[in-house]
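Keep in mind that the numbers below use all heavy atoms, side chains included, and drop hydrogens, waters and symmetry copies. All chains are named by letter (A, B, ...) in the order of the sequence lines, taking the proteins before the strands, and each is independently numbered beginning at 1. None of the values given here were measured: they were computed from a predicted structure.
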Amino acid sequence: MLEKNFDPAAVEPRLYKKWEDSGAFAPSDAGETFSIVIPPPNVTGSLHIGHALNNTLQDVLTRFERMRGKAALWLPGTDHAGIATQMVVERQLAAAGNEGRRELGRDKFVAKVWEWKKESGGTIVQQLRRLGASCDWSRERFTLDDGLSAAVRKVFVQLHKDGLMYRDKRLVNWDPQFQTAISDLEVEQKEVDGHYWHFAYPLADGVTYPFPIKDEEGNDTTETRDYIVVATTRPETMLGDSGVAVHPDDERYKDLVGKFVILPITGRRIPIVADEYADPAKGSGAVKITPAHDFNDFMVGKRHDLEQINILDTQANLLKFDPIPAEYQGMERFAARKAIIARAEEEGWLKQIEKTKHMVPHGDRSGVVIEPFLTDQWYVNAGELAKEAIAAVEDGRTVFEPKNWEKTYFEWMRNIEPWCVSRQLWWGHRIPAWYAEDGYIFVAETEADAHKQAEAHYGNKVALKQDEDVLDTWFSSALWPFSTMGWPENTEDLARFYPTHTLITGFDIIFFWVARMMMMGLHFTGKAPFKRVFINALVRDDKGQKMSKSKGNVMDPLVLIDEFGADALRFTMTAMSGQGRDIKLAKPRIEGYRNFSTKLWNATRFTQMNECARVDGFDPATAKLTLSRWIRGEVQKTVAAITEALEACAFDDAANALYKFIWNVFCDWYLELAKPILNGDDQAAKAEIRAMTAWVLDQAMILLHPVMPFITEELWDKTGHKDMLITHSWPKSDAGAIDAEADEEINWLIDLISEIRSIRSEMNVPGSARAPLTLSGASDVTRKRLDTHEDLILFLGRLSGVDVSETAAAGSVPFVAGEATAHLAIAEFIDIKAEEARLTKGIADFDKTIDGVRRKLDNPEFVRKAPDEVIAENRERLEDAQNGKVKLSAALERLRAAQ
RNA sequence: GGACGCGUAGCUCAGCGGGAGAGCAUUCGCUUCACACGCGAAGGGUCGCAGGUUCAAUCCCUGCCGCGUCCA
């Protein structure tokens with residue numbers, strides 16, 4: 001006998017170990033394959049609620065396909081997370097009072113990071129086990145593994161050969177804290193309070209011009225100016241200005257184009273140019289141009305051949321040499337801003353200070369203000385690689401689910417910029433490029449090969465120095481679907497499991513990761529890395545706020561698992577994972593699904609108490625009882641619904657179908673209807689129901705297993721199965737199992753019992769009171785049904801008897817039961833007023849239906865144009881309502897006559 | 001400014017051309033021999049607003065209002 005409740009904390013680790021030890025997580029050797037690669041979490045990470053959702057869905061699919069007999073592989077692993085990991089270890093060193101990264105030196109520092117990785121890097125991988133993730137751990141990968149690193153070098157070299165990897169001097173997003181370039185995807189635009197400082201730059205060569213102003217009375221007039229006003233939010237950059245731009249159509253400045261200004265402080269002479277970038281409506285309409293420190297200015301500078309003057313060092317301090325005037329050299333950027341403003345005020349060229357809110361780029365990891373910075377970096381020609389990646393989605397080689405996300409993907413892919421892949425970090429794949437003294441670059445997979453190339457190039461041995469930088473972590477992640485399977489080696493895994501079937505991930509990394517995997521996968525394997533990309537929702541708190549540590553609204557999945565069990569959390573994630581909508585997660589919901597699992601547990605307990613043992617070789621198709629035939633059909637409907645839903649990634653539909661079947665169909669009705677039989681004397685019927693019940697319960701456990709693996713596996717074991725549910729086969733769909741006649745009969749029974757219960761409740765009939773039920777106007781079919789199910793009706797309706805008669809007992813309460821009228825003899829509980837109200841309301845309801853339907857049927861257009869079945873359906877509804885009304889009206893008359 | 005999405009019962013959401021649904025919450029009644037993490041019953045909605053298409057619109061189209069996210 002089962003305990004009264006399931007104890008997840010005691011059972012989950014045991015079952016997980018059993019699965020893992022059994023080898024069930026590894027794909028079978030033969031058969032159709034189904035593969036998923038995990039979106040590799042950061043090695044620094046720990047499981048958050050988004051991971052819980054994402055990995056639950058992956059596991060649901062993997063388990064489903066495994067049970068369907070496919071060779072299912074879910075390949076796990078982590079990425080090395082360049083900046084994040086380096087940051088963690090640097091912080092640790094600092095906290096322990098050790099020497100910093102630079103004092104330590106590259107080799108020693110990297111060794112420290114590996115040490116950290118060995119100790120703390122496996123956290124999230126352990127946590128995935130708590131969730132029940134059925135990953136094949138024997139294939140676990142890390143982006144810095146030897147094989148994956150070899151793949152990275154190979155890809156780099158090949159791209160270089162293909163002319164798709166090159167070195168270039170461009171503006172990058174520079175993080176002055178980490179002193180590295182970062183991707184624009186790692187830049188967070190934050191709105192901050194700032195100022196526009198309006199500076200007057202004096203015109204060179206004594207030039208003056210009339211500038212339109214308002215006089216004291218507000219009339220238009222002009223004043224003669226020998227300066228031009230520019231506005232800036234970043235005054236310190238003026239040291240690097242190399243031009244002033246005005247709009248070509250701006251009448252005010254028309255004559256100044258081609259003239260020069262003398263830049264204050266430095267005294268440099270810089271040109272005024274006409275460029276559409278200048279917005280006449282904004283500020284003074286003239287903008288200062290600093291090509292080396294602003295992305296827009298960079299473009300303007302290119303168009304007008306303006307000088308690119310860098311003024312900052314890698315820590316965003318002013319340079320310690322020319323062109324920075326001595327007094328500002330080495331100054332921190334924000335201190336420099338203050339100093340420049342003070343100088344402008346003092347010298348009288350600060351014309352105005354305007355408050356403004358504007359967007360300022362911040363590093364998403366460091367949190368500091370990002371500087372556009374002119375550097376030499378390695379770039380991938382993403383525009384070229386994007387072509388095939390776009391085509392693969394256009395022609396359906398890869399489909400997005402939900403489909404809308406294709407738009408996001410296309411939008412980004414079609415406007416893609418060269419991908420800067422070098423990072424000034426130490427933790428990562430070091431760039432396989434070697435420099436000779438003269439700056440000549442040799443790109444090679446190995447140092448030896450680089451030397452060989454150099455020797456061929458120079459005709460003799462020369463000293464080479466490897467590039468100091470490492471590659472962007474996303475560069476190696478982009479290879480994940482095939483590098484994890486052994487590429488570039490021609491492995492069996494690669495042949496069997498690549499391309500993968502489904503990728504499940506969040507929309508926030510479509511750009512970061514999905515797009516790049518598509519590009520690399522197609523370029524290097526010729527195949528799109530996945531057939532389908534399912535974009536899962538974003539988990540928010542119960543108020544719709546994004547969860548974040550700073551808001552303090554995070555829900556820790558591990559705490560939730562401790563409280564409710566992994567199954568409850570998984571079911572919640574699955575049920576709420578509707579397409580195209582964020583998930584607002586609230587605890588009561590998880591609690592509700594925990595209750596659901598308890599319900600199944602207790603239903604199993606009930607079947608055990610009633611000796612519903614599985615019968616070997618039992619074929620449900622041979623069952624004769626209406627109840628058996630009905631539930632077999634219900635099982636079939638559920639099998640079809642869940643299979644279809646999971647095939648389509650409609651996870652919420654699958655969860656809801658499971659919930660409804662197990663609770664509302666199996667527990668609420670089937671088991672209740674089975675009770676009288678199980679307690680009755682008909683041994684044949686009892687035997688059939690016992691075997692049937694055991695079979696239905698098995699089906700329920702099988703169907704629920706992908707979503708709630710722990711409790712179902714435990715029950716599977718407790719109900720005497722010898723095999724493990726995780727590898728048990730999925731039921732085949734069989735439309736022939738639906739028995740329309742049985743459906744109709746059981747639905748009639750359910751309606752009848754529901755009506756009886758409803759009336760008892762409304763009339764406040766105590767639960768212990770038994771009353772007789774009489775049916776009048778019953779057809780032969782109804783009489784037969786009544787006869788067949790008498791025990792059930794008596795038991796569930798708490799009746800003392802049931803008979804068919806055209807004369808009902810005085811003071812009985814009537815209700816409509818199909819073609820018949822039922823009378824519940826509960827005279828002593830009747831409140832005449834209440835009963836009159838009940839009947840009146842019932843008649844009014846029928847009238848409403850009659851009116852509505854009649855209006856349709858009386859409309860010739862409707863009869864002419866609506867489909868036949870809709871017309872027939874409405875005729876039937878009308879007839880039912882009219883019949884019902886007649887019955888209740890008669891009852892009402894009798895009630896009134898009796899008074 | 002552009003793109004996408006969302007406004008349906010108190011809350012969270014499903015439905016998406018022909019009878020308004022679920023879970024939670026609420027109310028009432030239940031120690032009914034699996035389950036109080038339960039059982040039975042009930043109340044509660046001009047389906048954001050305004051037009052249009054249609055025999056028929058919560059559902060399709062247009063506009064507006066409100067909210068959210070991403071990208072400039």
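Taking only distance into account, the side chain of A/E411 never meets the base of B/A72 through a donor-acceptor pair shorter than 3.5 Å. Between the side chain of A/K599 and the base of B/C35 there is at least one donor-acceptor pair of N/O atoms closer than 3.5 Å. One can find a donor-acceptor pair under 3.5 Å joining the base of B/C37 and the side-chain atoms of A/R594. Judged by distance alone, with hydrogens and angles left aside, A/R877 brings a side-chain donor or acceptor within reach of the base of B/G19, the pair sitting under 3.5 Å.
When both distances must be under 3.5 Å, the Watson-Crick or G-U wobble mate of B/G51 is B/C61. Nucleotide B/C6 is matched to B/G66 when pairs are restricted to Watson-Crick or G-U wobble geometry with both distances under 3.5 angstrom. Across all strands shown, B/C16 has no partner, as no Watson-Crick or G-U wobble contact with both distances under 3.5 Å is found. Across the strands present, B/G23 finds its partner in B/C11; the criterion is a Watson-Crick or G-U wobble pair with both atom distances under 3.5 angstrom. In this entry B/U31 has no Watson-Crick or G-U wobble partner, no candidate having both defining distances under 3.5 Å. Across every strand in view, B/G44 sits unpaired, with no contact that passes the Watson-Crick or G-U test at under 3.5 angstrom. Across every strand in view, B/G1 sits in a pair with B/C71 that passes the Watson-Crick or G-U test at under 3.5 angstrom.
Contacts of A/K675 with the nucleic acid, taken as non-hydrogen atoms under 4.0 Å apart, include base atoms. Residue contacts shown for A/P867 include a base, since a base heavy atom lies under 4.0 Å away. Residue A/A866 is in base contact, counting any heavy-atom pair closer than 4.0 Å across all strands shown. Nucleic acid contact for A/E876: none, since no nucleic acid atom lies under 4.0 Å from a heavy atom of the residue. Across all strands, A/R798 comes closer than 4.0 Å to base atoms (heavy-atom distances).
Place A/C667 and A/N664 on RNA chain B by their nearest nucleotides, and A/N664 ends up nearer the 5' end. Along RNA chain B, the nucleotide nearest A/F6 and the nucleotide nearest A/G592 are compared for position; the residue whose nucleotide lies closer to the 5' end is A/G592.
When the C1' atom is used for both B/G45 and B/G2, the distance is 36 Å, rounded to whole Å. Comparing B/C16 with B/C28, their P atoms sit 37 Å apart, to the nearest whole Å. Nucleotides B/G48 and B/C6 have their P atoms positioned 13 Å apart, rounded to a whole Å. The gap from the C1' atom of B/A9 to that of B/A14 amounts to 13 Å, rounded to the nearest Å. A distance of about 33 Å separates the C1' atoms of B/G18 and B/A25, rounded to the whole Å. Rounded to a whole angstrom, the distance from the P atom of B/C4 to that of B/C61 is 13 Å. Between B/C39 and B/U46, the distance separating the two C1' atoms is 36 Å to the nearest Å. Only the P atoms considered, B/C67 is 39 Å distant from B/A42, to the nearest whole Å.
Here A/S758 reaches the OP1 or OP2 of B/A42: one of its side-chain N or O atoms lies under 4.0 Å away. Regarding contacts with the backbone of B/C39, a side-chain N or O of A/W663 is found under 4.0 angstrom from either OP1 or OP2. Phosphate contact (OP1/OP2 of B/C13, side-chain N/O of A/K584, threshold under 4.0 Å): present. Within the structure, every side-chain polar atom (N or O) of A/K407 is placed at least 4.0 Å from both OP1 and OP2 of B/G2. Note on A/N595: a side-chain N or O is less than 4.0 Å away from OP1 or OP2 of B/G38. OP1 or OP2 of B/G5 sits under 4.0 Å from a side-chain N or O of A/N404.
Here the side chain of A/R760 pairs a donor or acceptor atom with the backbone of A/G797 at under 3.5 angstrom. With hydrogens and angles disregarded, a donor-acceptor distance shorter than 3.5 Å links the side chain of A/K887 to the backbone of A/E819.
Look at CH2 on A/W669: it is 13 Å from P on B/C39, rounded to the nearest Å. Between the CG atom of A/D868 and the P atom of B/C55 there is a distance of 17 Å, rounded to whole Å. Spacing between atom CG of A/D652 and atom P of B/U12 amounts to 18 Å, rounded to whole angstrom units. Remark: P of B/U12 and CE of A/M573 are 18 Å apart, rounded to the nearest angstrom. Here B/A41 presents its P atom at 12 Å from CG of A/D751, a figure rounded to the nearest Å. At whole-Å resolution of the value, CG in A/D668 and P in B/A41 are 9 Å apart. Rounded to whole Å, the distance from CD1 on A/I711 to C1' on B/C35 is 12 Å. The distance between atom CG of A/L857 and atom P of B/A56, rounded to the nearest whole Å, is 15 Å.
Salt-bridge annotation for A/R838 and A/D831: absent, with no side-chain N of the basic residue lying under 4.0 Å from a carboxylate O of the acidic one. Salt-bridge annotation for A/K686 and A/D682: absent, with no side-chain N of the basic residue lying under 4.0 Å from a carboxylate O of the acidic one. A salt bridge links A/K675 with A/E672; the closest basic N to acidic carboxylate O contact falls under 4.0 Å.
Using a 3.5 Å distance cut-off with no hydrogens or angles, the side chains of A/H293 and A/R234 do not pair a donor with an acceptor.
Of the listed nucleotides (B/C35, B/G40, B/C55), B/C35 has the atom at the smallest distance from the side chain of A/R605. Closest to the A/P588 side chain, of the nucleotides B/C35, B/C24, B/U32, is B/C24. Of the candidate nucleotides B/G19, B/U12, B/C55, B/U12 has the atom lying nearest to any side-chain atom of A/M576. Of the candidate nucleotides B/C37, B/C55, B/G23, B/G23 has the atom nearest to the side chain of A/Y659. In this structure, the nucleotide among B/G18, B/A34, B/C55 sitting nearest to the side chain of A/K865 is B/C55.
Side-chain rings of A/F534 and A/F400 stay apart, their centers remaining 6.0 Å or farther from each other.
The aromatic rings of A/Y659 and A/F596 lie parallel to each other, with less than 30° between the two planes, well short of the 60° mark.
Taking the ring centre of A/W695 as origin, the terminal cationic atom of A/R614 falls outside the region bounded by 6.0 Å and 45° from the ring axis.
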